[in-house]
Engineer: 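Structure provided below as structure tokens; questions to follow.
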2 protein chains.
Amino acid sequence: MEPTKIELEIMAAAKQLFLEKGFAATSTTDIARKAGCNQALIHYYYRTKENLFEKIYLAEVNNTLSIISTILDEPIEGLSIEEIIDRLIDTYFLMLRDNPKVPFFLVQELIINSERRESMRQLFILNPLRQEAYEKYKRLVYHLHEMGKITDIDPFNLLISVISLVATTFLSLPLYADLLQRTLAEQETYLSERKQEIKCMLISRLRP
Amino acid sequence: MEPTKIELEIMAAAKQLFLEKGFAATSTTDIARKAGCNQALIHYYYRTKENLFEKIYLAEVNNTLSIISTILDEPIEGLSIEEIIDRLIDTYFLMLRDNPKVPFFLVQELIINSERRESMRQLFILNPLRQEAYEKYKRLVYHLHEMGKITDIDPFNLLISVISLVATTFLSLPLYADLLQRTLAEQETYLSERKQEIKCMLISRLRP
DNA sequence: GTACTGTTTAATAACTCTATTAAATATGCT
DNA sequence: AGCATATTTAATAGAGTTATTAAACAGTAC
């Protein structure tokens, strides 16, 4: 059951288009054209557009979760809170630099397609990887608090704040670039300034 | 050139559907059904779906900007920074409580439809209301800094952070509700906890 | 009442989209 | 090679989409 070469092409094309334009605005004809194959082939492999989408969505969820899990595995023993935040945010930014559209994509379809939410719930919330990563994260926060390195804060709320700040940076990047007509160099500056600001904000919030 | 009763119905229906499902997933037939009129009538009034969409989009942009403008007009003389943030964030939350889907809607279509970005640029960036509100906001930040009430911070970066934190709260609300299967009361708690956390974060960041 | 205007609808053209089917290739096996 | 299986394509059904057109309807002016 090895995926064939063209199957990978279809997946890659579909991923690109779904990330870019969303489910509704992407047609199987678009995907076929991008993948360089006949439109019927997509249905041969996946039967429905919905199936293909769910496969891509699940892959993105899992990929994101495992990267986050890796981030949380970084050794932090003996580091100051400034250094810890520095490392975590740097890694998070690196991860999103490669996949800037992923966070938006993940929520977009959930928000838009409320019928899809139940199946997404199973892919995401009930995902063992997610549960594992979240537990790991909570232990980290409690541990840091016990060691007196950070103030008392609800881990869930902190997580939402971090995701908000970092994901929105990448979400806003194309708007920043196009609407304000910024060059690539300026976009880089924007990213690093946002990173700095986010670290600064988190450190002042977390300082005991 | 008074808008007729049914024209208002069409606008209301279109707004609801576009906000809910986005441009691509909403058909003029859907809109007509919701507005209780014939599908051709929509084209009689707006000629194209695109036109109708742009009208709604512009209305939302202007509405948002004027509300923000109002928020920034609140008198703050003599208040502590804690009180100022308290008021601004409270008002911002109130505004979004009535229109929780607006921020997502505004960026969604910009992100998805890159061809539309140029026309949106003209509706948004070059909008005099926006320029006015932004200038007002910058003056506020500089003023507060000069008075020694807040630390030295780039107003643009601060703005992005505030928008990120607040808008994402409402963006995540339906996911929080559905994915974690939370009751209405729990959603209320979530909102007020987020509000508290955001204020806390901003205050610790802004303290001189 | 009739003529004139603006509003609304039914009908439909012209597409596009998803999905299926049957036929055509390609690939591997003996 | 010859056969079986898997892959790929062309053709197309069937539904849904936007947009237009011509006809029906409603309201007003004379």
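So that the names make sense, note that chain A is the first sequence line, chain B the second, and so on, each numbered from 1.
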Engineer: Give the rounded distance in Å between these two atoms: CG of N51(A) and C1' of dA19(C).
Structural biologist: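 Atom CG in N51(A) sits about 12 Å away from atom C1' in dA19(C).
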Engineer: List for me each residue that meets side-chain hydrogen bond (donor to acceptor under 3.5 Å, both in side chains) alongside S27(A), sequence neighbours excluded, and say none if there are none.
Structural biologist: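 For S27(A) the side-chain hydrogen bond (donor to acceptor under 3.5 Å, both in side chains) partners, ignoring immediate neighbours, are D30(A).
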Engineer: Between dC17(C) atom C1' and I31(A) atom CD1, what is the distance in whole Å?
Structural biologist: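 The answer, rounded to whole Å, is 12 Å.
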Engineer: Quick check: are there more than 12 heavy atoms from other residues, nucleotides or ligands sitting under 6.0 Å from CZ of R130(B)?
Structural biologist: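 Yes, CZ of R130(B) has more than 12 neighbouring heavy atoms, counting only those of other groups under 6.0 Å.
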Engineer: Could you state the CD1-C1' distance from I10(A) to dT7(D), rounded to the nearest angstrom?
Structural biologist: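 Rounding to the nearest Å, CD1 of I10(A) and C1' of dT7(D) are 11 Å apart.
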Engineer: Between protein and nucleotides 17-21 of chain D, what N or O pairs are separated by less than 3.5 Å?
Structural biologist:
from: dT18(D); atom 1: OP1; to: T28(B); atom 2: N; distance (Å): 3.4
from: dT18(D); atom 1: OP1; to: K49(B); atom 2: NZ; distance (Å): 3.2
from: dT18(D); atom 1: OP2; to: T28(B); atom 2: N; distance (Å): 3.0
from: dT18(D); atom 1: OP2; to: T28(B); atom 2: OG1; distance (Å): 2.7
from: dA19(D); atom 1: OP2; to: K49(B); atom 2: N; distance (Å): 2.8
from: dA19(D); atom 1: N7; to: Q39(B); atom 2: NE2; distance (Å): 3.1
from: dA19(D); atom 1: N6; to: Q39(B); atom 2: OE1; distance (Å): 3.1

Engineer: Figure out the CD1/P separation between I6(A) and dA26(C), and round it to whole Å.
Structural biologist: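 Those two atoms, CD1 and P, are 13 Å apart.
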Engineer: Quick one: list whatever passes side-chain contact (heavy atoms from CB on, under 4.5 Å) with L159(A), sequence neighbours left out.
Structural biologist: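 With sequence neighbours excluded, L159(A) shows a side-chain contact (heavy atoms from CB on, under 4.5 Å) to Y134(A), Y137(A), I163(A), given in chain and number order.
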Engineer: When the axes are fitted on five pairs at both termini, how much does the helix from dG1(C)-dC30(D) to dT30(C)-dA1(D) curve, in 10° steps?
Structural biologist: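 The angle, to the nearest 10 degrees, is 10°.
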Engineer: Would you kindly give the CG-to-P distance between L41(A) and dT25(C), to the nearest whole Å?
Structural biologist: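 L41(A) atom CG is separated from dT25(C) atom P by 16 Å.
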Engineer: For Y46(B), which contact category applies under a 4.0 Å heavy-atom criterion: base, sugar-phosphate, or nothing?
Structural biologist: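 Nothing: the residue Y46(B), judged by heavy atoms under 4.0 Å, touches no strand.
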Engineer: Side-chain donor-acceptor pairs under 3.5 Å in residues 54-61 of chain B, sequence neighbours left out?
Structural biologist:
from: Y57(B); atom 1: OH; to: L106(B); atom 2: O; distance (Å): 2.5

Engineer: Given atom CG of L52(A) and atom C1' of dA19(C), what is their separation to the nearest angstrom?
Structural biologist: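 These atoms are roughly 14 Å apart.
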Engineer: Test: side-chain hydrogen bond (donor to acceptor under 3.5 Å, both in side chains). Region: residues 96-106 of chain B. Which pairs qualify, not counting sequence neighbours?
Structural biologist: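 Of all non-adjacent pairs touching residues 96-106 of chain B, those that pass side-chain hydrogen bond (donor to acceptor under 3.5 Å, both in side chains) are R97(B)-E188(B).
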Engineer: Figure out the CG/P separation between N38(A) and dA26(C), and round it to whole Å.
Structural biologist: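 Going from CG in N38(A) over to P in dA26(C) covers 14 Å.
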Engineer: So, Q39(B) and T28(B): side-chain donor and acceptor under 3.5 Å apart, yes or no?
Structural biologist: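 There is such a pair between these side chains.
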Engineer: Mind calculating the distance between CZ (R33(A)) and P (dT9(D)) to the nearest angstrom?
Structural biologist: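 Rounded to whole Å, this separation is 15 Å.
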Engineer: Can you sort out the partners of R205(B) under side-chain hydrogen bond (donor to acceptor under 3.5 Å, both in side chains), two or more places apart, ordered by chain and number?
Structural biologist: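 Here the qualifying residues are E197(A).
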Engineer: Please list, one pair per line, the donor and acceptor atoms closer than 3.5 Å that link side chains of residues 177-185 of chain B to other protein atoms, with sequence neighbours excluded.
Structural biologist:
from: D178(B); atom 1: OD2; to: R117(A); atom 2: NH1; distance (Å): 2.7
from: Q181(B); atom 1: OE1; to: R121(A); atom 2: NH2; distance (Å): 3.4
from: R182(B); atom 1: NE; to: Y176(B); atom 2: OH; distance (Å): 3.3
from: R182(B); atom 1: NH1; to: L180(B); atom 2: O; distance (Å): 2.8
from: T183(B); atom 1: OG1; to: E186(B); atom 2: N; distance (Å): 3.2
from: T183(B); atom 1: OG1; to: E186(B); atom 2: OE1; distance (Å): 3.3

Engineer: Please list, chain by chain and in numerical order, all residues satisfying ring pair (Phe, Tyr, Trp, His ring centres under 6.0 Å) with F170(B), sequence neighbours excluded.
Structural biologist: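 If we apply the ring pair (Phe, Tyr, Trp, His ring centres under 6.0 Å) test to F170(B), skipping adjacent residues, the hits are F93(B).
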